[in-house]
Amino acid sequence: MSLGYAQKLSYKEDVGTVGMPEIFDSPHALDSKIEELAVMILRSKHLVAFTGAGISTSSGIPDFRGPKGVWTLQQAGKGIPDASLPFHRAMPSLTHMALVELERAGVLKFVISQNVDSLHLRSGIPREKLAELHGNSFMEVCSSCGKEYLRDFEIETIGLKETRRRCADNSCLAKLTDTVLDWEDALPAKEMDLAHNHCSAADLVLCLGTSLQITPACNFPFRCLKNGGRVVIVNLQSTPKDKKASLVIHGLVDKVMEAVMRILNYRIPPFVRIDFVHVSLSHSPRKKACVKWVLRIKSIHGPKATMPFLKSVEVAFPDRPDMKCALLQEQPFVLKRQTTQRKSFKILLTLNLSEGCGSSFSQIEWPVNFQVKQKSLSLDRDKVLNELKGLAERESCCGQEVLLERNVESRSEFTAHAIVTNIVRYAKIEEVPENDDLITSVNGGAFTLKRSCEDGDNSEKSAKRSPR
């Protein structure tokens, strides 16, 4: 776990009960509750998800109050538990991606998160459908115009402090601040308003992986009760709010959501992570026959930003054996050379990816001809990225690269590239068989669930609910 994240999670006396024992429903009770939850989701017109640390534990990020939680160990005088991979490389869990599919299907209307790990945004939840009550470790915001900047590196400060960067809008250029709250900071008004409005409008609020002990956040889900809404809690520990919930499920949240999605016949999509790099080549004639040029590989977030997914860059010239190859090991990656101006060549960049990436390297080819000026190019970013994700899914591997933009000036050229650095498939449930009889009919207030049993005995269960 990163030092910055550990600071965010430092134990306080008023955080409530820690070291809570885990509770598991019996298999029969769990199956019954999961079916009931599936019916409730199916009947919902305004579903809101309220998430806590428990949905990210399978992503390698420790929770707070469990037997091995951050605050549990701190209270016992022990150190911060180690994460299974670097914080910036954490991948969304099955639950994160299940919520993405429900949102895409129009079932899930809004997500309220107490987490700062950015996994909801990375997974694909639209920013306008997400309230991050405690901030985001990878987000900066302009102190003047309010523009947000999602980074691929962890912001170095917490407590709404100024960072080292400024707004990219030339008409603004104000200083940026981090967005993660310290203990004394009030919840952000905009996020609170969104959470309040959606919980008030919700007919079902699904609380996932949260012990519901941190105020005032823990009170938001229960605003739906005033208008006849219901609350479902899925958590491994009991919570102070259990008695107010219509349904409490004690089980692993990923296991619960996996079963719910199968019953509802929804596919859980794979997660494809894409990172970005800027490559630039600037040059100035030194004399008639030669040109001096500088190659730079840097972050899209500016010259002061690091690229944590890159550990080194190899530079080769495959069609020019007379040119010496180079290994760049320090960021920003810079190579300076002098060559004959009239002879073209090709640069082959091998980007060696860091720990936590799904591939060891990716490559970029760049043809260089100082006597022929390239044309600027601007592509449909969303379309290109969607095509890249589709390619990664089909090939089931990482490392693919695609050009997003080329900007050509008199003596310089800048390009932006997208690279697939991870793909996570959620086994067995990514594709739902077409003939899987899982949920079949909705007649008024009656819902018929069909279960595909392993022993081949397909039984029907009818869940009766009066129309609302």
Keeping Asn235 on the side-chain end and Thr210 on the backbone end, is there a donor-acceptor pair under 3.5 Å?
yes
Would you mind reporting whether Leu42 and Leu264 have side-chain heavy atoms less than 4.5 Å apart?
yes
Correct closest heavy-atom pair for Ala217 and Phe50 would be O-CZ, 3.3 Å
Carefully, step by step, assess Arg127 and Glu191 under the rule salt bridge (charged side-chain N to carboxylate O under 4.0 Å, His left out).
CA-CA 11 Å; Arg127 180 66 181 98; Glu191 310 293 306; 3.2 Å; yes
Looking at every heavy atom in both Ser56 and Asp117, which two are closest together, and how far apart are they?
OG-OD2, 2.7 Å
As a quick check of understanding, evaluate side-chain hydrogen bond (donor to acceptor under 3.5 Å, both in side chains) for Asn136 and Ser118, giving each step before the final call.
CA-CA 6 Å; Asn136 185 324; Ser118 197; 3.1 Å; yes
Between the main-chain N or O of Val116 and the side-chain N or O of Glu132, is there a donor-acceptor pair closer than 3.5 Å?
no
Would you check, one step at a time, whether the test side-chain contact (heavy atoms from CB on, under 4.5 Å) holds for Ile347 with Phe317?
CA-CA 5 Å; Ile347 297 177; Phe317 309 92; 3.9 Å; yes
Heavy-atom check, side chain of Lys346 versus side chain of Trp366, under 4.5 Å
no
Does Pro308 reach the side chain of Asp152, with side-chain heavy atoms less than 4.5 Å apart?
yes
Examine distances only and state if a side-chain atom of Ser211 and a backbone atom of Thr239 form a donor-acceptor pair shorter than 3.5 Å.
no
Flag side-chain contact, heavy atom, 4.5 Å: Glu156 against Thr163
yes
Indicate yes or no for a side-chain donor-acceptor contact from Gln400 to the backbone of Cys397 under 3.5 Å, with no hydrogens or angles considered.
yes
Take Glu355 and Lys311, measure what salt bridge (charged side-chain N to carboxylate O under 4.0 Å, His left out) needs, and give me the verdict at the end.
CA-CA 9 Å; Glu355 178 188 3; Lys311 60 182 180 182; over 6 Å; no
Would you say the side chain of Leu208 lies within less than 4.5 Å of the side chain of Met257, judging by non-hydrogen atoms?
yes
Whether Ser362 side chain and Gly399 backbone form a donor-acceptor pair below 3.5 Å:
yes
Between Glu103 and Lys109, is there a salt bridge with N-O shorter than 4.0 Å?
no
In Å and rounded to the nearest 0.5 Å, what is the CG to CD1 distance from Leu206 to Ile233?
10.0 Å
Leu385 vs Leu404, test: side-chain contact (heavy atoms from CB on, under 4.5 Å). Steps then yes/no.
CA-CA 8 Å; Leu385 292 180; Leu404 291 175; 4.0 Å; yes
Considering all heavy atoms of both residues, which atom of Ser93 and which atom of Ser59 are nearest to each other, and what is their separation?
N-OG, 3.3 Å
Do the numbers put Arg122 on top of the ring of Phe138, so that NZ or CZ is under 6.0 Å from the six-membered ring centre and no more than 45° off the axis?
yes
Below 4.0 angstrom, N of the basic side chain to O of the carboxylate: do Arg89 and Glu154 qualify?
no
Taken to the nearest 0.5 Å, the spacing of Leu391 CG from Ile423 CD1 works out to 9.5 Å
Determine whether Ile61 and Thr57 make a side-chain contact, defined as any pair of heavy atoms from C-beta on separated by less than 4.5 Å.
no
About how many Å separate CG of Asn407 and OG of Ser280, when rounded to the nearest 0.5 Å?
11.0 Å
Where the side chain of Asn352 meets the backbone of Val313, is there a donor-acceptor pair that is under 3.5 Å apart?
no
Checking side-chain hydrogen bond (donor to acceptor under 3.5 Å, both in side chains) for the pair Gln331/Thr306: CA distance, chi angles, key distance, verdict?
CA-CA 7 Å; Gln331 298 193 31; Thr306 61; 5.1 Å; no
Going from CZ on Arg166 to CG on Leu176, what distance comes out if it is rounded to the nearest 0.5 angstrom?
9.0 Å
Would you check, one step at a time, whether the test side-chain contact (heavy atoms from CB on, under 4.5 Å) holds for Leu99 with Thr51?
CA-CA 10 Å; Leu99 294 178; Thr51 64; 4.1 Å; yes
Of all the heavy-atom pairs spanning Val180 and Asp185, show the shortest one and how long it is.
O-OD2, 4.5 Å
Backbone N or O of Ala195 within a donor-acceptor pair of the His198 side chain at under 3.5 Å?
no
Keeping to residues at least two apart or across chains, list the ring pair (Phe, Tyr, Trp, His ring centres under 6.0 Å) pairs with something in residues 380-424.
none
Check for a donor-acceptor pair, side chain of His134 on one end and backbone N or O of Gln114 on the other, with a separation under 3.5 Å.
yes
Flag side-chain contact, heavy atom, 4.5 Å: Arg267 against Pro270:
yes
Taking all non-hydrogen atoms of both residues, which atom of Arg273 and which atom of Ala90 are closest, and how far apart?
NH1-O, 4.4 Å
CG (Asp275) and CZ (Phe309) are apart, to the nearest 0.5 Å, by 4.5 Å
If only atom types and distance count, is the side chain of Asp319 paired as donor or acceptor with the main-chain N or O of Phe345 below 3.5 Å?
no
Output yes when a side-chain donor or acceptor of Ser412 lies under 3.5 Å from a complementary backbone atom of Glu409, and no otherwise.
no
Tell me, please, whether Phe276 has Arg381 positioned over its six-membered ring: NZ or CZ under 6.0 Å from the ring centre and within 45 degrees of its axis?
yes
With no hydrogens and no angle check, do the side chains of Arg411 and Ser282 hold a donor and an acceptor under 3.5 Å apart?
no
Show your reasoning for whether side-chain contact (heavy atoms from CB on, under 4.5 Å) applies to Leu121 and Met139.
CA-CA 10 Å; Leu121 282 179; Met139 182 82 77; 3.6 Å; yes
Heavy-atom side-chain contact between Gln213 and Cys218 under 4.5 Å
no
Lys389/Glu395 ion pair, N-O < 4.0 Å:
no
Donor-acceptor pairs under 3.5 Å, side chain of residues 368-376 to any protein atom, not counting sequence neighbours: which ones?
{"from": "Asn369", "atom 1": "OD1", "to": "Gln371", "atom 2": "N", "distance (Å)": "3.0"}
{"from": "Ser376", "atom 1": "OG", "to": "Val408", "atom 2": "N", "distance (Å)": "3.0"}

Shortest non-hydrogen contact from Cys398 to Val420?
CB-O, 3.6 Å
Under a 3.5 Å cutoff, is there a donor and acceptor pairing between the side chains of Asp254 and Thr95?
yes
Verify the neighbour count for atom NZ of Lys161: are there more than 12 heavy atoms of other residues, nucleotides or ligands below 6.0 Å?
yes
Gap between atom CG of Leu335 and atom CZ of Phe333 - 0.5 Å precision:
12.5 Å
Electrostatic pair Glu140-Arg165, nearest N-O below 4.0 angstrom:
yes
Pairs satisfying ring pair (Phe, Tyr, Trp, His ring centres under 6.0 Å), at least one member in residues 147-172, at least two apart
Phe153-His301
